[in-house]
Amino acid sequence: MKQQKNLTGTLLFAVFTAVLASLQFGYGIGVINAPQKIIENHYTRVLLEGSANETDTKSVQPSVKMYWSLSVSVFSLGGMVSSFFVGWIADKLGRIKAMMAVNSLAVIGAILMGLAPLGQAHALVIAGRLITGLYCGLASGLVPMYVGEISPTALRGALGTLHQLAIVTGILISQVVGLEFILGSETLWPVLLGLSGVPAIVQTILLFFCPESPRFLLIKLGKMEAAKRNLIRLRGDYDPTKDIEEMKKEKEEVESEKKVSIIQLFKSSNYRQPLIVSLVLHISQQFSGINGIFYYSTSIFTRAGISQPVYATIGVGAVNTVFTVVSVFLIEKAGRRSLYLVGLAGMGICAIVMTIALALLTQHAWMSYLSMVAIFLFVVFFEVGPGPIPWFIVAELFSQGPRPAAMAVSGCCNWTCNFIIGMCFEYIADACGPYVFIIFAVLLFIFTIFTYFKVPETKGKSFDEIAAEFRKKKLASRKGLKSTEMEYLGTSSEA
């Protein structure tokens with residue numbers, strides 16, 4: 001009953017306000033997908049106006065493809081750069097003011113994209129997507145940080161997953177409003193792209209009524225009374241003494257444990273194993289092929305012979321949203337490692353089925369339905385494990401000292417892989433044809449093997465227990481190496 005009382009209206013309001021940024025993040029991922037052909041046609045017209053032959057569309061097609069790929073992937077490039085500055089801006093301005101400040105980037109990016117038809121459309125869209133990506137890289141770190149710090153321990157997991165839920169909801173909204181009869185038309189596509197700034201404006205207004213993180217106030221600024229007031233405001237009428245004592249203890253730990261830089265993180269052998277695990281999990285999330293489906297789902301369904309590919313894409317978004325909700329309950333019951341294994345293995349099987357279905361499409365018309373089912377199941381398995389887990393498992397693998405650096409490196413790695421997929425997927429798809437997903441199937445198999453042997457289970461374990469597990473593996477590998485050397489020396493002496 002005490003835990004239920006902690007779920008107050010102020011807490012729900014603050015979490016809802018924060019995840020509006022996650023909603024915009026998801027909108028940015030999905031909005032570019034539905035009007036692809038219309039925007040490409042607009043690029044063609046703009047480029048033809050500046051060419052010597054204004055009727056030779058074939059001459060500008062390579063440039064159109066390049067600009068389109070850049071329009072998709074530059075979003076991730078922005079996120080890749082800005083993700084390094086999440087910790088700095090959060091500590092410099094505080095969680096609330098930091099979210100307010102970065103919203104200016106979202107509005108600038110939206111204005112540039114909304115004004116695209118008035119100038120060089122491809123240049124304005126690319127610039128707008130880059131600035132929006134810079135915003136999303138910061139927001140994708142600030143939102144989980146703020147939500148995690150204001151949530152009671154008993155509700156931290158459930159409220160934390162709302163970040164991922166808001167992202168997939170944003171993707172779904174962008175797909176629905178991107179329909180041709182709504183905003184995905186020849187005349188309204190700039191409005192579709194420009195709408196991405198609306199959640200930022202709404203969030204900025206609502207943030208004035210949200211309390212600052214009590215943890216930030218006490219641990220970073222040392223303002224105990226302000227932290228108490230905000231705790232009572234967030235949790236209702238309760239005694240905050242226990243939470244204040246916990247924060248004091250954390251403050252002492254932070255002061256006793258030196259902050260680890262990114263260079264130190266890579267140099268120290270103590271952090272090597274958890275760092276490798278963190279990076280591989282983030283790489284596996286992106287190189288699983290999921291963003292190839294999110295970014296280019298309409299064209300994939302067209303190749304598969306689906307008569308209404310846009311509606312199939314919306315179906316993918318709906319399935320994505322539903323199974324993100326399901327994962328909220330599964331993660332705490334089944335554990336991180338087992339769900340990740342199931343997710344990767346399931347995606348690998350779906351990638352193989354997708355390849356077979358697309359390869360045999362010309363011989364058997366019903367293969368289009370099989371490819372569609374495979375894509376839907378691919379998304380289901382992604383949301384079971386590889387979707388949500390990498391975002392929060394990094395915080396579980398590292399203590400307070402190296403955690404900010406580890407999260408910055410992992411976030412940058414995720415955005416970098418996202419950029420590579422966005423930039424290269426269409427070229428790889430053209431080169432490989434129906435066999436494009438066999439590449440992802442091979443990668444998924446490798447990631448499954450790595451997860452089985454290297455990734456520890458973190459469910460219900462303290463940092464000390466997880467660190468002890470890494471030390472045990474490190475010691476075992478050293479013993480194994482020494483025994484191999486002894487065997488070799490023994491064999492040599494006998495010889």
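The chain is numbered in sequence order, starting from 1.
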For [X], which residues count as a side-chain contact (heavy atoms from CB on, under 4.5 Å) partner, sequence neighbours excluded?
X    : value
S104 : none
V198 : L195, V202
L265 : V260, Y271, L275, F398, P402, A405, A406, V409
S151 : V147, R156, L159

Taking the side chain as C-beta and beyond, is there a heavy-atom pair between T324 and P388 under 4.5 Å?
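Contact flag for T324/P388 side chains = no.
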
| query | Tell me, do P386 and I290 make a side-chain contact under 4.5 Å, heavy atoms counted? | reply |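 Side-chain contact under 4.5 Å: no.
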
### Message
Quick test of your reading: applying ring pair (Phe, Tyr, Trp, His ring centres under 6.0 Å), list the pairs with at least one residue in residues 162-197, sequence neighbours left out, ordered by first then second residue.
### Response
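Output for this query lists H42-W189.
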
_Would you call the rings of F25 and W415 parallel, tilted or perpendicular, taking 30° and 60° as the class edges?_
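If you compare the ring of F25 with that of W415, the planes turn out parallel.
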
- Message: Angle between ring planes, F440 versus F437, binned at 30° and 60°: parallel, tilted or perpendicular?
- Response: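 Ring orientation of F440 relative to F437: tilted.
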
For [X], I'd like to know if atom [atom1] has over 12 heavy atoms of other residues, nucleotides or ligands within 6.0 Å.
X    : atom1 : value
F16  : CZ    : no
F13  : CZ    : yes
I263 : CD1   : no

With sequence neighbours excluded, give me every salt bridge (charged side-chain N to carboxylate O under 4.0 Å, His left out) pair touching [range].
range            : answer
residues 175-199 : R45-E186
residues 135-144 : none
residues 308-330 : none
residues 130-149 : R95-E149

**Asked** What residues, two or more places apart in sequence or in another chain, satisfy salt bridge (charged side-chain N to carboxylate O under 4.0 Å, His left out) together with K223?
**Response**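 Scan of K223 (salt bridge (charged side-chain N to carboxylate O under 4.0 Å, His left out), adjacent residues dropped) gives none.
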
Does E212 have any salt bridge (charged side-chain N to carboxylate O under 4.0 Å, His left out) partners at least two apart in sequence or in another chain, and if so, which?
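If we apply the salt bridge (charged side-chain N to carboxylate O under 4.0 Å, His left out) test to E212, skipping adjacent residues, there are no hits.
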
Check: T448/Y340 side-chain N/O donor and acceptor closer than 3.5 Å
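No, no side-chain donor-acceptor pair sits under 3.5 Å.
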
**Report entry** Y43 side chain to S71 side chain, donor-acceptor N/O pair below 3.5 angstrom
**Finding:**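 Side chains of Y43 and S71: pair found under 3.5 Å.
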
Enumerate, atom names and distances included, each donor-acceptor pair closer than 3.5 Å involving a side-chain atom of residues 109-117, sequence neighbours excluded.
none

